[in-house]
Undergrad: 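One structure is given below, represented as structure tokens, and several questions about it will come after.
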Amino acid sequence: MKYSISMLLLAMSAPSLTMAQDISGGVTLGFGSHEDSEFSQDLASASLDGRLNLLFDNGIMFGVSAGYINVGSDDSEDDIQGDFVGLDLGYRFSNGMSLGAYVEELTLGTDASPIDISLRSVGLTGAYESEGLKLGAFLGETTTSPDLGADISNIGLTAKYAVQPKLNIGGAFLRATIDASGEAVDIDMVGIAATYGINDQVSIFGGVSRTTLGQADLDITTMGLGAGYDLTQMAGVASSVSLEVARTEQSSGDESSAFDTVRIGLTFPLGGKSTEAPLNSVADSIFNPRRGALNAALTGAF
């Protein structure tokens, strides 16, 4: 697995902090409990996610993100691990427009299998930001390792709006088109999220997303609602704790199933502006989606 590489990339960005004009991001340590309606055994997860965005005086933008998750149960030693790393590089013009490129890699594996499956995505990004509104778009492609013999293309549209200093809303639409042997399959994800600061210590956040595989008549809906509490005064360091309850429902034809999740998170903001919601939340998977419909859906569910 590439967990050590992910953390190294975060560390590599540290020397640039003193030179950046604008710094934003955060790190979230999370734990989750998952109960599936179809299985008797419960699952538990532990995760670590980080994101750092830098904007320099000359207009250069640099972003790095990384994550790791382990999902398992007491009844089985065959845990599932996943790690993620992403890099962004771009340029912001004086009129609020920006253009850039990205590379992301998601790797999944189990203790029982010597082979990991990796999805590497590369592409171009564009955005416009003005007076609390940020619109974004991306276009790219994904390759798999081992090679699964399919061409995967990705497109996405995102939006964020600061309605007021304490209220933020966001939305995302992502489509991954898988072309194998001349047959194309679309995976679509659409989501909406919001955060609201009740006061200086307490905030609430929530989001809902739906992922659709039309050819298979399969819908996956994830809903999450949580609350956060600022620990800065108590702990003496900028930090917050969060609790989220979420449900993921899967339906195909007349059959359906669901699993419920309870997550806790400890978040440390980076720079003057933190993330809109904890990085292990459904809301963050919509505010800051990974650039692939399947990747983003998995992030929201787990």
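Quick caveat, the model's predicted, so the values are computed rather than measured.
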Undergrad: State the CD1-OG1 distance between Ile264 and Thr28, to the nearest 0.5 angstrom.
TA: 12.0 Å

Undergrad: The criterion is side chain to side chain donor-acceptor pair (under 3.5 Å); which residues satisfy it with Gln250, sequence neighbours excluded?
TA: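 Checked Gln250 against side chain to side chain donor-acceptor pair (under 3.5 Å); zero matches.
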
Undergrad: For Asn280 and Asp49, what are the C-alpha separation, side-chain angles and deciding distance, and is it a side chain to side chain donor-acceptor pair (under 3.5 Å)?
TA: CA-CA 7 Å; Asn280 67 335; Asp49 297 280; over 6 Å; no

Undergrad: Could you pull out all residues at least two apart from Arg92 that satisfy side chain to side chain donor-acceptor pair (under 3.5 Å)?
TA: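 So Arg92 forms no side chain to side chain donor-acceptor pair (under 3.5 Å) with any residue.
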
Undergrad: Please give the remaining members of the hydrophobic cluster of Leu279, linking ILVMFWY side chains under 4.5 Å, ordered by chain and number.
TA: none

Undergrad: What pairs meet the side chain to side chain donor-acceptor pair (under 3.5 Å) rule with one or both residues in residues 133-143, with sequence neighbours excluded?
TA: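 Of all non-adjacent pairs touching residues 133-143, those that pass side chain to side chain donor-acceptor pair (under 3.5 Å) are Ser121-Thr142, Thr142-Asn154.
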
Undergrad: How about Tyr68 and Gln81: do any of their side-chain heavy atoms sit closer than 4.5 Å?
TA: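 The answer is yes; the side chains approach within 4.5 Å.
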
Undergrad: Quick check: are there more than 12 heavy atoms from other residues, nucleotides or ligands sitting under 6.0 Å from CD of Gln164?
TA: yes

Undergrad: With a cut-off of 6.0 Å (strictly less than), are more than 12 heavy atoms of other residues, nucleotides or ligands near CD1 of Ile117?
TA: no

Undergrad: Starting at CG of Leu157, measure out to CZ of Phe138 and round the result to the nearest 0.5 Å.
TA: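 These two atoms lie 8.0 Å from each other.
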
Undergrad: Quick one: which residue pairs count as a salt bridge (Lys or Arg N to Asp or Glu O under 4.0 Å) with a foot in residues 157-172, not counting sequence neighbours?
TA: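 Those involving residues 157-172 are Lys160-Glu276.
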
Undergrad: Using the test side chain to side chain donor-acceptor pair (under 3.5 Å), find all partners of Arg290 that sit at least two apart in sequence or belong to another chain.
TA: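 Per chain and number, Arg290 pairs via side chain to side chain donor-acceptor pair (under 3.5 Å) with Thr299.
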
Undergrad: With a 4.5 Å cut-off on side-chain heavy atoms, are Val185 and Thr177 touching?
TA: no

Undergrad: Could you give the distance from CG (Leu135) to OH (Tyr161), rounded to the nearest 0.5 Å?
TA: 11.5 Å

Undergrad: Evaluate Ser209 against Thr222 for side chain to side chain donor-acceptor pair (under 3.5 Å), listing each step before the verdict.
TA: CA-CA 5 Å; Ser209 68; Thr222 298; 4.5 Å; no

Undergrad: Would you please name every residue forming a ring-ring contact (aromatic ring centres under 6.0 Å, His included) with Phe173, sequence neighbours left out?
TA: none

Undergrad: Could you tell me whether the side chain of Thr267 reaches within less than 4.5 Å of the side chain of Val27, counting heavy atoms only?
TA: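 A side-chain contact under 4.5 Å is absent here.
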
Undergrad: Sequence neighbours excluded and cut-off under 3.5 Å, please list the side-chain donor-acceptor pairs for residues 238-246, or say none.
TA:
from   : atom 1 : to     : atom 2 : distance (Å)
Ser239 : OG     : Val237 : O      : 3.2
Glu244 : OE1    : Arg263 : NH1    : 2.8
Glu244 : OE2    : Val282 : N      : 3.1

Undergrad: Looking at Asp284 and Arg51, is any side-chain nitrogen of the basic one under 4.0 Å from a carboxylate oxygen of the acidic one?
TA: yes

Undergrad: Quick one: hydrophobic cluster around Ile192, which other residues, with the 4.5 Å side-chain cut-off, linked directly or via members?
TA: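 Result for Ile192 is Val208, Met223.
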
Undergrad: How about Ser65 and Phe84: do any of their side-chain heavy atoms sit closer than 4.5 Å?
TA: yes

Undergrad: Flag the pair Ile23 / Leu52 as yes when at least one side-chain heavy-atom distance between them is below 4.5 Å, and no otherwise.
TA: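 Result yes, sub-4.5 Å side-chain heavy-atom pair found.
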
Undergrad: Could you work out, with side chain to side chain donor-acceptor pair (under 3.5 Å) as the rule, every residue matching Asp219, not counting sequence neighbours?
TA: Thr212

Undergrad: Measuring only between side-chain heavy atoms, which start at C-beta, is Thr261 closer than 4.5 Å to Ser33?
TA: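 Heavy-atom side-chain distance check fails, nothing below 4.5 Å.
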
Undergrad: So, is the end of the Arg291 side chain (NZ or CZ) under 6.0 Å from the ring centre of Tyr102 and within 45° of the ring's axis?
TA: yes

Undergrad: Applying salt bridge (Lys or Arg N to Asp or Glu O under 4.0 Å) as the test, list every pair that has at least one member in residues 191-206; sequence neighbours left out.
TA: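 Listed once each, the pairs would be none.
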
Undergrad: In the hydrophobic clustering (ILVMFWY, side-chain contacts below 4.5 Å, transitive), which residues join Phe287, or is it alone?
TA: none

